Amino acid sequence: MNKFYITTPIYYVNDKPHIGHAYTTIAADVIARWHRLKGEDVFFLTGTDEHGEKVETSAKKAGKLPKEFVDNIVGAYKYIWEKLNIKYDYFIRTSDSSHVKVVSEIIKKIAENGDIYKGYYEGWYCVSDESFWTELQLVDGKCPSCGREVKKVKEETYFFKLSKYQNKLIDFYNKNQKFLSPNFRSKEIINRVNDGLKDVSITRTTVKWAVPFPLDGSHYVYVWVDALCNYISAINWPHGPEFKEYWPADIHLIGKEINWFHSVIWPAMLFSAGIEPPKMVFAHGWWTVDGKKMSKSLDNFVDPILMVDKYSTDAFRYSLIREMPLGDDGDFSEKAIVSRLNNELVAELGNLINRVLTMAERFEGKIEGEAELDQKLNIGKIDSLMEDVDTFNALNEIFVFIKATNKYISEKEPWRLQGRELSNVLYNLLEASRIISILVYPFMPNTGAKIANQLGIEVGTIDDCTFREWTSKVKKGELLFKKFIQ
RNA sequence: AGCGAGAUAGGGUAGUCUGGAGUGCCCGCCGGGCUCAUAACCCGGAGAUCGGUGGUUCAAAUCCACCUCUCGCUACCA
């Protein structure tokens, strides 16, 4: 049996979950569910990133210990994933003792390989933003974020010899074309790596809510190094059976803003520690909201919970996937959700199932016939799109089949038919509906299950997506989707 | 500044890698058909110098050059 290991980033607990988090996780869930339908041994990982200065500060403000503080917020993430029908296999937390131990072990491995050395980090620090900037980033010598004065800081730190891996990375990218995905992002990374790599600072002395640095008691591991290790700590590197089973990861699905860490620093760390790198890092795009960038000043972060309560989990999942190809940027608007819900989910899919079931229920006698509609179904194409992580076009292709099925009804005019002719049309419609229930399931699990239920069957697998004998008895239920009227 | 992405009918998109009649999809608009169905479904139509200029080619949305505009990234902030 093929294994399939997919991950989302671990989300920083200081942020409130918004549409960006929801999108990544929904996309990963859709892909994971598709692979499960193919009968693969799937491991889908998500979790939370809980260390760092901001969390430390927020906890202090809330009058809590960091651990108490994050325990609270983790619940919010788990709740939202439940609302969105996310079926993850494991939820990793960077504050888990098992994870902390792995981070420490990895650092030791890297050090054994001679890739860690002590030095000084020099940079510019903005007190009001509490953030570090490089010389290049400063605007007129001032903080690029708030425009205020910055002060030069010099701090003892340990470095990871990233520069050592420049050639090895380029070689790796060339040999593994799919690693940098989608394709257009590969140039971005390759050019920058070719421009030269600087060693990266991997410890801090000021932040205490972090993994203790195993080589020096006065240092703590920088959060990014800590965070990246989650992908192997979650499967119990180095000796766990899960690690042997699932590593290397098939897909790290991430947002484009953290591509550098996943496509450059992470594989370099793994090279150094003697661990195989993942097969693919897929960086997806960003959402604007009603044409505007999401920002704190506009306070226009979309709350997924509100969307789900208003439009249903499936309509929300569907809208996000249908709106844009996974790698691109796109715009989110409630207007678009309403439009897709009313025109596509209600009018095309929901209405199709409803009319098919109405006719099938009225028919008395055995439903049998010859497959005709199967010509409109290209399951191979859909699967190969899904293999290419092209959820957008795969979903499009599924709707091509749904439309073809609607068209088949008007062409055959079953209301004019009876007996064997009618039976034949109904046979095709029911088989098409059965297959639709399977295809739609990874995208809209509730809907797929509801369709199957009304057809009197269980949701099948990808192997079941061929026309065969109809044996079940249908029982029409409530409408799949209801039109949303403002 | 460097690197990268994008500009396709009224709006939104796909197609561009691997050149072949402006080909597809959604919304909106106009007309028709149907009555199984959630005023849903189906068919037809109007609407585009495929950002601009030049080039390669029998042939360019697609390849090349330059230009204009929009957006992202630039490593120690997750």
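Just so it is clear, the model here is predicted, and its values are computed rather than measured. Below, chain A is the first sequence line, B the second, and so on; all start at residue 1.
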For the side chain of [X], starting at C-beta, report the closest nucleotide among [options].
X	options	result
Glu188(A)	U35(B), C42(B), G4(B)	G4(B)
Ser410(A)	A78(B), C42(B), G4(B)	C42(B)
Ile409(A)	C36(B), A78(B), C27(B)	C36(B)
Asn191(A)	C42(B), C27(B), C3(B)	C3(B)
Met359(A)	C36(B), C34(B), C27(B)	C36(B)
Arg322(A)	C34(B), U38(B), C25(B)	C25(B)
Leu162(A)	A75(B), C36(B), C27(B)	A75(B)
Val346(A)	A75(B), C36(B), U38(B)	U38(B)
Asn354(A)	A75(B), A37(B), C36(B)	A37(B)

Practice item. Between A21(B) and C50(B), how far apart are the C1' atoms? Round to whole Å, please. Key: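 Result for the C1' pair: 14 Å, nearest Å.
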**Study point:** Separation of the C1' atoms in A7(B) and A78(B), to the nearest angstrom
**Key:** 33 Å
Quick check on [N]: is either OP1 or OP2 less than 4.0 Å from any side-chain nitrogen or oxygen of [X]?
X	N	answer
Arg416(A)	C34(B)	no
Lys407(A)	C41(B)	no
Trp224(A)	A78(B)	no
Arg340(A)	U13(B)	no
Lys403(A)	C26(B)	yes
Tyr408(A)	C42(B)	no
Lys256(A)	C73(B)	no

Exercise for review: Hunt down the Watson-Crick or G-U wobble partner of A61(B), both distances under 3.5 Å, from any strand shown, or write none.
Suggested key: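 Paired with no nucleotide.
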**Study point:** Base partner of C3(B), which must satisfy Watson-Crick or wobble distances under 3.5 Å
**Key:**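 With both distances under 3.5 Å, C3(B) matches G72(B).
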How is [X] classified with respect to the nucleic acid when contacts are heavy atoms under 4.0 Å: base, sugar-phosphate, or nothing?
X	value
Asn194(A)	nothing
Phe481(A)	base
Gly350(A)	base
Gly255(A)	nothing
Glu411(A)	nothing
Leu480(A)	base
Ser201(A)	base
Ala347(A)	sugar-phosphate
Val223(A)	sugar-phosphate
Asn351(A)	base
Ile265(A)	nothing
Arg185(A)	nothing

Exercise for review: Verify the neighbour count for atom NZ of Lys473(A): are there more than 12 heavy atoms of other residues, nucleotides or ligands below 6.0 Å?
Suggested key: no
Exercise for review: Answer yes or no: are there more than 12 heavy-atom neighbours, outside Lys366(A) itself, under 6.0 Å from its atom NZ?
Suggested key: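 Buried by this count: over 12 neighbours within 6.0 Å.
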Check your understanding: Can you tell me how far the OG atom of Ser201(A) sits from the CG atom of Leu162(A), to the nearest 0.5 Å?
Key -> 12.0 Å
Check your understanding: Is the Trp81(A) to Tyr11(A) ring centre distance short of 6.0 Å?
Key -> yes
Check your understanding: Do the two ring centres, one from Phe271(A) and one from Phe172(A), sit under 6.0 Å apart?
Key ->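 Judged by ring-centre distance (under 6.0 Å), Phe271(A) and Phe172(A) do meet the cut-off.
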Point to revise | Interatomic distance where CG belongs to Asn393(A) and P belongs to U16(B) [whole Å] | key: 10 Å
**Study point:** Between C1' of C41(B) and CG of Leu479(A), the distance in whole Å
**Key:** 15 Å
Exercise for review: Over 60° means perpendicular and under 30° means parallel, so classify the ring planes of Phe261(A) and Trp224(A), tilted if in between.
Suggested key: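 Plane angle under 30°, so parallel.
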Review point. Just one of Lys376(A), Glu372(A), Lys403(A) clears the side-chain hydrogen bond (donor to acceptor under 3.5 Å, both in side chains) bar with Tyr408(A), so which one?
Key: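 Testing Tyr408(A) for a side-chain hydrogen bond (donor to acceptor under 3.5 Å, both in side chains) against Lys376(A), Glu372(A), Lys403(A) leaves exactly one candidate, Glu372(A).
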